[in-house]
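Any value given below was found using the heavy atoms of this structure, including those in side chains, with hydrogens, waters and symmetry copies removed.
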Amino acid sequence: MIDYIQGIPAEITPTYAVIDCNGIGYEINITLIDYPRVSGSDKVRLYIHESIREDAHVLFGFLERRSRELFRLLIGVSGVGPNTARLILSALTVPQLEAAIAGGEEMLLKSVKGIGGKTAQRIIVDLKDKIEVDGEAITTGVSANESFDDALAALVMLGFAAPQCKKVLNKLFAADPTLSTESAIKQSLTML
């Protein structure tokens with residue numbers, strides 16, 4: 001499985017970029033929101049979601065892990081495929097989408113082309129409990145800290161539920177933001 005591809009943008013359009021990584025060009029579908037930042041970069045790192053179908057292997061790339069996590073949550077909703085999820089993330093920023101889901105703002109989701117009332121309701125119902133609301137801040141629990149991300153991924157792979165892991169890791173990183181991945185995992189295992 002591909003986590004990210006880092007390289008030189010060889011060709012860029014609003015919907016996809018070809019990233020030259022050591023002489024191999026990867027065609028990666030991107031969002032309209034990421035397009036200006038990708039096109040303005042000499043070197044770029046895109047976090048990848050690989051969609052393998054019977055007739056194609058399609059790569060979707062995001063400049064932030066948080067965007068990729070939301071993309072993966074969206075495609076887990078019945079009736080939302082990868083292209084629809086990319087369209088949603090092209091129309092709404094991550095904070096806007098999280099706020100819409102947490103606040104039950106069906107009309108904002110319906111404003112995205114191709115999203116009807118039933119799909120908007122399904123997205124809200126399916127994802128509302130997966131978006132954490134802490135006071136005023138709304139997050140998916142993903143920190144900019146790579147140790148947090150890596151520890152969360154490891155715990156989920158071990159079979160623990162992501163929401164519980166996020167709560168434990170949020171407590172640990174609030175107490176010590178410089179915590180290493182290994183320490184975070186060890187301490188989390190005693191708390192889960």
Side-chain angles (χ1 to χ4, degrees), residues 1-13 15-35 37-38 41 43-90 94 97-98 101 123 126-127 129-132 139-170 173 179-186 188-189 192:
M1 180 174 245
I2 301 169
D3 184 46
Y4 67 85
I5 292 176
Q6 182 171 305
I8 301 162
E11 181 183 342
I12 304 165
T13 72
T15 57
Y16 74 90
V18 175
I19 305 299
D20 182 342
C21 180
N22 297 322
I24 298 173
Y26 294 94
E27 183 179 306
I28 304 168
N29 292 291
I30 60 174
T31 65
L32 292 174
I33 289 175
D34 285 345
Y35 168 69
R37 289 174 49 205
V38 172
S41 300
K43 190 172 189 181
V44 69
R45 173 185 286 189
L46 293 173
Y47 293 95
I48 301 297
H49 174 81
E50 188 175 7
S51 176
I52 301 174
R53 300 188 320 236
E54 200 174 288
D55 60 340
H57 291 242
V58 183
L59 301 177
F60 294 89
F62 307 91
L63 286 172
E64 298 173 8
R65 287 180 192 242
R66 189 170 162 196
S67 299
R68 180 178 65 179
E69 181 176 312
L70 258 179
F71 176 84
R72 289 177 171 168
L73 288 173
L74 285 168
I75 62 174
V77 175
S78 176
V80 179
N83 286 320
T84 303
R86 180 173 62 138
L87 194 61
I88 293 169
L89 287 168
S90 289
V94 169
L97 180 56
E98 290 172 340
I101 293 168
I123 290 170
D126 287 3
L127 301 184
D129 62 338
K130 295 179 182 175
I131 302 291
E132 294 177 9
T139 67
T140 54
V142 177
S143 166
N145 186 334
E146 284 193 31
S147 295
F148 182 103
D149 294 338
D150 294 342
L152 177 61
L155 292 167
V156 170
M157 280 189 208
L158 290 172
F160 293 99
Q164 290 174 322
C165 295
K166 288 176 188 176
K167 286 179 185 174
V168 169
L169 288 170
N170 281 331
F173 279 93
L179 202 60
S180 72
T181 303
E182 294 79 17
S183 297
I185 293 169
K186 286 179 185 174
S188 295
L189 290 173
L192 289 168

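Distance check: Leu127 CG to Leu70 CG gives 8.0 Å after rounding to the nearest 0.5 Å. For the atom pair CD1 (Ile123) and OG (Ser78), the distance works out to 10.5 Å, reported to the nearest 0.5 Å. Within the model, atoms CG of Asn83 and OG1 of Thr15 stand 10.0 Å from one another, a figure rounded to the nearest 0.5 Å. Taken from CD1 in Ile28 to CD1 in Ile5, the straight-line distance is 4.0 Å, to the nearest 0.5 Å. In this structure, CZ in Arg72 is found 10.0 Å from CZ in Arg65, a value given to the nearest 0.5 Å. Distance NE2/His49 to CE/Met1: 7.0 Å, rounded to 0.5 Å.
Of the charged side-chain nitrogens involved, none lies within less than 4.0 Å of a carboxylate oxygen, so that Asp34 and Arg86 do not count as a salt-bridged pair.
Take Gln164 and apply the side chain to side chain donor-acceptor pair (under 3.5 Å) test, not counting sequence neighbours, and it matches no residue.
A distance-only check finds no donor-acceptor pair linking the side chain of Asn29 to the backbone of Tyr16 [under 3.5 Å].
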How far apart are the C-alpha atoms of Leu169 and Leu155, what are their side-chain angles, what is the distance that settles it, and do they pass the side-chain contact (heavy atoms from CB on, under 4.5 Å) test? CA-CA 10 Å; Leu169 288 170; Leu155 292 167; 4.1 Å; yes
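Using the six-membered ring where Trp is involved, Phe60 and Phe71 have ring planes that are tilted, between 30° and 60° apart.
Counted within 6.0 Å of CG on Asn22, heavy atoms from surrounding residues, nucleotides or ligands total 12 or fewer; the atom is thus considered open.
Between Ser41 and Pro9, the closest heavy-atom pair is O-CG, 3.6 Å. Of all non-hydrogen atoms in Ile185 and Ala154, the two that sit nearest each other are CD1-CB, 3.6 Å. Counting all heavy atoms, side chain and backbone alike, Thr181 lies closest to Ala151 at CG2-N, 3.8 Å. The two residues Ala85 and Ile75 make their nearest non-hydrogen contact at CB-CG2, 3.7 Å. Thr13 and Ile30 make their closest contact through O-CD1, 3.7 Å (heavy atoms, listed as atom of the first residue, atom of the second, distance). The heavy-atom pair separating Leu46 from Leu63 by the smallest distance is CD2-CD2, 3.6 Å.
Two residues are said to be in side-chain contact when any heavy atoms from C-beta on lie closer than 4.5 Å; Ile101 and Leu73 fail this criterion. No side-chain heavy atom of Asp126 sits under 4.5 Å from any side-chain heavy atom of Val80. Counting heavy atoms from C-beta on, the side chains of Leu189 and Phe160 come closer than 4.5 Å.
Between Leu74 and the choices Leu89, Thr84, Leu87, the side-chain contact (heavy atoms from CB on, under 4.5 Å) rule is met once, by Leu89.
Remark: Arg68 is not positioned above the aromatic ring of Phe62, lacking an NZ or CZ atom under 6.0 angstrom from the ring centre and at most 45 degrees off the axis.
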